[in-house]
Amino acid sequence: MKKIVIVVCLLAFGVTEAQTNKDIANVYIRKANEVLTESIDFETALTMFQKAMKYTDTISDKKIASLGASVYFETYHKQPTLKEQLAFLEKAKYYSKQYFDLNNGKNKNSEDFINNSDNYVFILENIDSINAKLEKIEADRIKKEKELRRIDSLKTVWVNKSNELSFKADSIYKFNKNNVALYTNDGYFGLLNDKGEVLLKANEYEDAISFDGFVIFKNKAINPTKLFSYNTNNHVSFQLPSISDFNTLSTHYGKVMLPRGNGRLVTYPNNTHSAFVYDLNVKKMIKVANLENLLKRLEKFEAIRKYNKDEQVKIDKEWYNFGGHLGGGIHPLYGIEDYNLKGFLCSIDGKFINASSGYQYIGGFHNNKYQAYKGTEVLWVNQNGTKVSTAKDEGGKYTGNSVVSKLENGKYQITKDGIIVLGKESLEKMVDFLRSFTE
């Protein structure tokens, strides 16, 4: 008996709660209709309708369905995105269909039915319109993504090509007028032109000196045993003869002076009483053709006091080994008891330059000037050893349009007018490269 009472109570409570929800929903429906009647405020009416739907499981009144279709349709265009607008139109379509389901095909000629029919057509048309816009947006998005992927792929192609047109180097020196520059890599010196073409690979010579268009490569920075000449004026290159061909006792070239524009190169090998003078143009060691005649003239002009058959000369009270001719009348003089360079005789006025207090080394003669060393200082002198202005490097200044840049990966790249070049290959700027595939 108690169980029956409990069931009856629960049923009564359920009916009461359902009745209460329906009443609350009706209140909000009534407010929605009032708002539309008084101020045609569809947004507020929509809010009231949505609140009503929270208390309604199903719609059994076609007027409520019509209201739902109306408030969603009239407010869809105020939604911020097309997807949200489409969602509102789908709601309007849903309630509009409910209206027709509840109407059961009755009163098709009534104003209410005609209005709902017209609204339903408008709803469908707007759904189609928004779907078309969304489809276009999606198609544009896919097209843009494909284009971006294509551009990324082209960028990768460009970067790979750019990397191919770069080269490894530690540093690159300035180009001369012949469009040639020294470069270093892994501690070795090499030579390249302003297109990035390697003229001499940097893999053997640890040092190099350049002047007047000539470059002398040395296998060692100090006391080299191997020298290589490159003439940037005519691109003639060759390895100099072994120093033992000059003097069998010599094991290295010693101090190597700057090459001069007339092709003369002077070095000071060890274990010898003579400077090594070489003509880079004719590839020949230079020695005094008739030494006795020269010594006679020097004696006659009182540049020396005496000379003997051992190619030794006396200046004041000291005897020296005659060390050849640097050109322009300056002659290196060596010790009698050793191989030490004692000084230089300036035959133009008989002046003797002591190596210990004056110049330790003097280079080849060209354009009235010699390169000289006084300790670690490099200077230039004339034919009697007087200091003069620095000689002009006939290698000249670069007048081309190549620009050398160091990349983030440490490699170098050369551009001409913005075009990357390496030998006969070239690559335009990335923006121009991409544009050529999009125009």
Side-chain angles (χ1 to χ4, degrees), residues 137-211 213-219 221 228-238 393 395-439:
I137 291 172
E138 180 63 12
D140 290 344
R141 183 191 67 79
I142 293 173
K143 181 180 178 181
K144 185 176 181 181
E145 282 187 357
K146 287 182 178 179
E147 180 65 14
L148 289 175
R149 285 196 297 269
R150 191 176 76 93
I151 290 174
D152 286 341
S153 178
L154 289 172
K155 285 181 178 179
T156 300
V157 171
W158 188 93
V159 170
N160 290 338
K161 183 64 175 179
S162 175
N163 288 334
E164 290 177 7
L165 300 185
S166 62
F167 53 91
K168 187 176 181 295
D170 295 330
S171 60
I172 299 176
Y173 293 72
K174 291 182 178 180
F175 292 108
N176 65 10
K177 69 177 183 180
N178 300 315
N179 307 330
V180 175
L182 284 165
Y183 79 100
T184 60
N185 189 39
D186 293 334
Y188 295 101
F189 279 79
L191 210 60
L192 51 78
N193 63 20
D194 66 346
K195 294 181 180 179
E197 294 173 313
V198 173
L199 305 176
L200 181 68
K201 193 173 182 179
N203 62 358
E204 183 175 4
Y205 299 101
E206 296 179 359
D207 194 23
I209 52 176
S210 175
F211 202 73
F214 289 91
V215 184
I216 301 298
F217 293 89
K218 304 186 289 181
N219 67 331
F228 187 89
S229 171
Y230 194 103
N231 186 343
T232 67
N233 299 300
N234 56 19
H235 299 287
V236 172
S237 61
F238 62 95
D393 186 353
K397 291 185 177 180
Y398 179 65
T399 58
N401 59 351
S402 288
V403 177
V404 178
S405 303
K406 190 170 186 178
L407 307 180
E408 291 182 0
N409 60 11
K411 291 186 176 182
Y412 281 87
Q413 207 165 60
I414 294 177
T415 57
K416 284 178 173 285
D417 298 322
I419 305 297
I420 299 171
V421 297
L422 185 63
K424 295 180 180 180
E425 295 191 66
S426 63
L427 178 65
E428 57 195 335
K429 295 178 182 177
M430 180 184 282
V431 62
D432 295 328
F433 177 80
L434 296 177
R435 187 180 294 118
S436 67
F437 285 91
T438 55
E439 290 180 349

Identify each donor-acceptor pair in which a side-chain atom of residues 419-430 lies under 3.5 Å from a protein atom, sequence neighbours left out, and give them as a table.
{"unit_1": "Glu425", "atom_1": "OE1", "unit_2": "Lys161", "atom_2": "NZ", "d": "2.5"}

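Distance check: Phe228 CZ to Phe238 CZ gives 8.5 Å after rounding to the nearest 0.5 Å. Rounding to the nearest 0.5 angstrom, the gap separating the CG atom in Asn176 from the OG1 atom in Thr399 is 10.0 Å. Asp170 CG to Thr184 OG1: the interatomic distance, rounded to the nearest 0.5 Å, is 4.5 Å. Atom OG of Ser402 is separated from atom CG of Leu192 by 10.0 Å, given to the nearest 0.5 angstrom. Rounding to the nearest 0.5 Å gives a distance of 10.5 Å between CG of Leu182 and CZ of Phe175. In this structure, Asp417 CG and Asn401 CG are separated by 4.5 Å, a value rounded to the nearest 0.5 Å.
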Mind running side-chain contact (heavy atoms from CB on, under 4.5 Å) on Phe189 and Glu204 for me, showing each step along the way?
-> CA-CA 7 Å; Phe189 279 79; Glu204 183 175 4; over 6 Å; no

Step by step, work out the side-chain contact (heavy atoms from CB on, under 4.5 Å) result for Leu191 and Phe217.
-> CA-CA 10 Å; Leu191 210 60; Phe217 293 89; 4.0 Å; yes

Could you walk me through whether Arg150 and Glu147 pass salt bridge (charged side-chain N to carboxylate O under 4.0 Å, His left out), step by step?
-> CA-CA 5 Å; Arg150 191 176 76 93; Glu147 180 65 14; 3.1 Å; yes

Decide side-chain contact (heavy atoms from CB on, under 4.5 Å) for Val157 and Phe437; before the verdict, give the C-alpha distance in whole Å, the side-chain angles of both, and the deciding distance to 0.1 Å.
-> CA-CA 12 Å; Val157 171; Phe437 285 91; over 6 Å; no

Pair Val198-Tyr183, side-chain contact (heavy atoms from CB on, under 4.5 Å): steps then yes or no | CA-CA 9 Å; Val198 173; Tyr183 79 100; 3.7 Å; yes

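Partners of Tyr188 under the side chain to side chain contact (heavy atoms under 4.5 Å, CB included) rule, at least two apart in sequence or in another chain, are Ala202, Glu206. Listed by chain and residue number, nothing satisfies the side chain to side chain contact (heavy atoms under 4.5 Å, CB included) test with Lys143 (two or more places apart in sequence, or in another chain). Evaluation of the ring pair (Phe, Tyr, Trp, His ring centres under 6.0 Å) rule for Phe214 yields no partner, not counting sequence neighbours.
Contacts classified as side-chain hydrogen bond (donor to acceptor under 3.5 Å, both in side chains) and involving residues 405-414 (residues at least two apart or in different chains) are given here: Ser162-Gln413. Among residues at least two apart or in separate chains, salt bridge (charged side-chain N to carboxylate O under 4.0 Å, His left out) pairs with a member in residues 180-202 are Lys168-Asp186, Asp194-Lys416.
Considering all non-hydrogen atoms of both residues, Asn193 and Ile414 come closest at O-CD1, 4.0 Å. The two atoms that bring Asn233 and Gly213 nearest to each other are ND2-CA, 3.9 Å, heavy atoms only. Taking both residues in full, the closest heavy atoms of Ser166 and Leu407 are given as CB-CD1, 3.9 Å, listed atom of the first, atom of the second, then distance. In terms of heavy atoms, Ala221 sits closest to Asp207 at CA-CB, 3.7 Å.
Taking the charged nitrogens against the carboxylate oxygens, Glu138 and Arg141 do have a contact shorter than 4.0 Å, which makes a salt bridge.
Formation of a donor-acceptor pair under 3.5 Å by the Ser153 side chain with backbone atoms of Arg149 is not found in this model.
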